[in-house]
Amino acid sequence: MRRGMEPAGNVCDLVRKPYSMKNCEITVYGLVQGIGYRPFVAEMAEELDIHGNVRNAGGVVIVIARGEDGKVEELIEALRCKAPAGARIDQITVDEISESDFNEKTYAANSFRIVESDDHTEELVLLPPDLPTCPECERDLFDSKNRRRYHYPFNSCVKCGPRYSIMRSIPYDRENTTMEGFLICDACREEYGAKGDVRRHAQTIACAECGPQLRLVGSDHNEMAHEDWGGTVRKNPEQYKYRKENIKQLIGRHGQLIGDMALTTGIRELKAGAVVAVKDIGGFHLAFLPTDSEPGRRVREFKKRDNKPFAVMFPSVESIREYCEVSAKEEEILLSDPRPIVLLRKKPGMDFVPEVCGRSDRIGCMLPCNPLQILLLKEVGPLVMTSGNRGGEPIIIRDEDMMKYINRGCPDFMLTHDREILTPLDDSIYQVTKSQMEDGTVREIVQIIRRARGLVPEPVILRDRLVPQDLFAAGGDLKNTFALARGRAVYLSAHFGDLVDLDAAKARTKAIHHMEALFRLAPEWAVADKHPNYISTRAAEESFGSKNVDKVQHHHAHVLSVIAEHGLRGKVLGLAFDGTGFGDDGTVWGSEFLLCDAEHPSSYRRLGHLRTVKALGADEASKNAKLMAACYMYDAEDRHLISEDVDHDEILDPEKHQMVNIALKADFNTFRTSSMSRLFDAAAAILRICEHNSYEGECPIMLEKAASEAAAKLEREEYPKDLLDRINSRAKLRFVLEKENGVWTADASRMIADLRMAKDALIPPDELALEFHAAVVDMIVRITESICRDLREEGEVIRTIALAGGTFLNRIILSHAVAELTNRGYDVYVNEKVPSGDGGLPLGQVYALTK
Ligand SMILES: [Zn+2]
Ligand SMILES: [Zn+2]
């Protein structure tokens, strides 16, 4: 076993070999680089009068120590228990060394030193994620007596600041980051060496004298002095006049504003309604007021985004509470180190302009994570902070690329700086769902929807399994992430959007090389999705040669990702529900009940799914929900489940309807599918709640929203415990189950036909949406129970259920499925460390090849 690879979250293990004390070598495993661990060790050692040194070596910290017996014990205890914020100690090993070894390793030290890093390669590499501004640095930001750091947007210290996003290579030392070019001033140098200083050995140390500078850049540098510049503010003539008069004096020699002037002008323009590109830790955001329609409209046009809500950054949790419900758990996540976006329920009557959140009943809320954001938010209040890229394209990290858009008129200008970003990172996204059990206990399920800034590159550590050799996992094609794996560590990348976008694919290729270099991993073996036409699969075959690429079925990988992150053992029944995945029979799967074995992860048995239907136009079908509804209706009519004289005009116009029927009959451009998302699409279209996916999952999300509104109406409570029973007792909607050749199927076409007839009977669509959700949960429970009963007859007792795939981001389905299955005695697991959508796929792909 490779040392230092204990499971994440394990209480640290003090593995001590017998020693008589005096000289020893202490190795600290865990997340110990880039969070000021070495300065902390030095301070402890000096306090205890211990001589020797400390150094980074690959992913571990090695301490050579000589001191009185008791004092060295104390030091080891401190290394374990007093580690600075952000550190995670997995294991500490202590080896006694001889006097001469000590002298050789420390040049006979008679003090304690921090030494330059080793260039080790064989150990597991753990790199620090980017960290949010700490309270001390925030204090400096508003301390007007601290000339070098007051309002300086790049304050950071050993406990905070950019890390992974600016790392060129390991170890994490200044010369291996994009801070390399900033020569530190005398005052910073003093702090860097000063005992007890929060910036002692801070690799990102900087101040207004020597560090990166904030700049405000407009469409054309020279135009900044021109009175026409910044047309957005003209609707407020007072402010515009003020700006016009002042900008001429304030402008720097190069036609741009720098430092505090850039900041104050940026703030003023934001308040006046400008769209400002702000360079943050992982890339550009577009910032603008959420209370003004005009900038929102312009940004929607720029991003080619119709309805998908924008995230909003708030100055504090209190200010979020004005707009949204925030539970204790949600507050904890908002304040956690990644400072992620958390999807929170809007308070009744509280909302921004419709251009911000559209029809969504939730707001993606986040808190500032760096000094620039803190400064902006403090002055302006809540701001939309949406990633500064167009839909599907990669995040913009370079000024030149943003300049192109500024010159075209949106955004109006950028607040940028000269610290380069190497790894683009989106904001991470979370949601919390409560699930209430029969016995009254409530389980809070924390899901990561996007795993990026602040979470990448921390590896997921496999519990009992190893990859036999270094491995690359290609992920899927939508919301792509990839992974590198060694031993028990799986390093997942950030998200790359959809690989059909050439720029996204290029950014991914670049990121693969960057991550391989950073982690000193050069796998010669890969794993990819079974889909023969996936871009990610083909790219892997091109780079590794097809004989070196193993294939894993999409939904199997989803289930394995749950098994992997929870370290499950034995047989697991996995439910993987989502939009699309290439099935073993060549049809499009997406509603799988798979019997998996944690100890034999390369195979599975498919024991249940939705009844397969014939559908039309693979690409259009995933966008146009009406088309999918028509396909289900065709199937229902074909099987005489519904009268043929149902009026179809509501779904598709007669001409289109006839074309669809002809194409389905002739098998022209058809495919066969059992996708759960397509069923949700069809239900949303039949109920006329949403008929088009302008972004992935829009129809299912709107269907869920309608259902929860109905639930609220029924109970005036979010998701009442007895709701499901009541809905079921009305027994309007229920899937018909069938078993054929040992496989259970649920009749989706009949469900759509029933929905259609119920709607014609004038039952309100939002209530039907709720009943549809209840029917899906009921189907989940009945098929699970049926499969487990069948397996018991084979002598197999299943207690463990894994829920995976994008459908389980639907909180009604998730909360009720977890509750109903738990009530029946199953242990139910859900993805918590990686996304349950395709962003978590590479973890399952890796697991399939573990031993
Ligand atoms: Zn700090
Ligand atoms: Zn300085």
Side-chain angles (χ1 to χ4, degrees), residues 31-43 82-88 114 127-167 172-175 177-215 258-260 262-263 280-282 315-316 334-339 366-378 417-420 453-454:
L31 193 56
V32 285
Q33 285 192 9
I35 35 82
Y37 197 77
R38 287 181 305 159
F40 149 77
V41 175
E43 234 159 80
K82 291 188 185 166
R88 197 194 70 219
I114 296 174
L127 302 179
D130 301 290
L131 294 168
T133 304
C134 74
E136 280 100 327
C137 287
E138 187 167 343
R139 214 174 303 135
D140 287 346
L141 201 56
F142 296 107
D143 176 6
S144 57
K145 290 195 283 303
N146 190 341
R147 190 181 47 83
R148 290 162 47 242
R149 298 237 159 70
Y150 177 66
H151 278 195
Y152 178 60
F154 306 98
N155 287 344
S156 66
C157 71
V158 289
K159 288 187 279 183
C160 76
R163 296 288 188 271
Y164 182 63
S165 62
I166 60 166
M167 284 177 75
Y172 170 66
D173 285 331
R174 190 180 182 95
E175 64 266 28
T177 72
T178 60
M179 285 299 289
E180 183 195 11
F182 300 96
L183 295 179
I184 64 173
C185 67
D186 290 345
C188 281
R189 188 177 304 282
E190 205 168 290
E191 289 169 340
Y192 188 82
K195 200 170 158 182
D197 196 290
V198 68
R199 298 197 175 84
R200 187 184 194 198
H201 288 277
Q203 302 302 318
T204 52
I205 191 167
C207 74
E209 307 268 301
C210 65
Q213 289 296 326
L214 188 67
R215 291 182 296 136
I258 56 167
D260 219 25
L263 181 67
D280 292 312
I281 300 289
S316 63
L334 282 165
L335 290 165
S336 67
D337 275 353
R339 289 286 195 283
M366 63 175 150
L367 295 170
C369 78
N370 64 47
L372 179 56
Q373 291 174 343
I374 292 171
L375 290 165
L376 292 177
L377 271 284
K378 189 169 187 285
H417 55 76
D418 40 2
R419 187 183 65 211
E420 199 189 334
R453 178 180 51 74

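Just so it is clear, the values below take in all heavy atoms, side chains as well, and ignore hydrogens, waters and symmetry mates. Numbering of ligands and ligand atoms starts at 1, following listing order.
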Pairwise side-chain contact, R163 with Q203, heavy-atom cut-off 4.5 Å (strictly under)
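A side-chain contact is absent here, since even the closest heavy-atom pair is not under 4.5 Å.
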Evaluate F182 against D418 for side chain to side chain contact (heavy atoms under 4.5 Å, CB included), listing each step before the verdict.
CA-CA 10 Å; F182 300 96; D418 40 2; 3.9 Å; yes
Metal-centred angle, SG of C137 through the Zn ion (ligand 1) to SG of C160, rounded to 10 degrees:
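Seen from the Zn ion (ligand 1), SG and SG are separated by roughly 100°.
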Report the angle formed at the Zn ion (ligand 1) by atom SG of C157 and atom SG of C134, rounding to the nearest 10°.
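Taking the Zn ion (ligand 1) as the apex, I get 110° for this pair.
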Angle in degrees, rounded to 10°, that SG of C207 and SG of C210 form at the Zn ion (ligand 2)
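For SG of C210 and SG of C207, the angle centred on the Zn ion (ligand 2) reads 120°.
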Are E191 and R148 within salt-bridge range, i.e. N to O under 4.0 Å?
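A salt bridge links E191 with R148.
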Where do I205 and M179 come nearest, in terms of heavy atoms and distance?
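Taking I205 first and M179 second, the nearest heavy atoms are O-CE, 3.9 Å.
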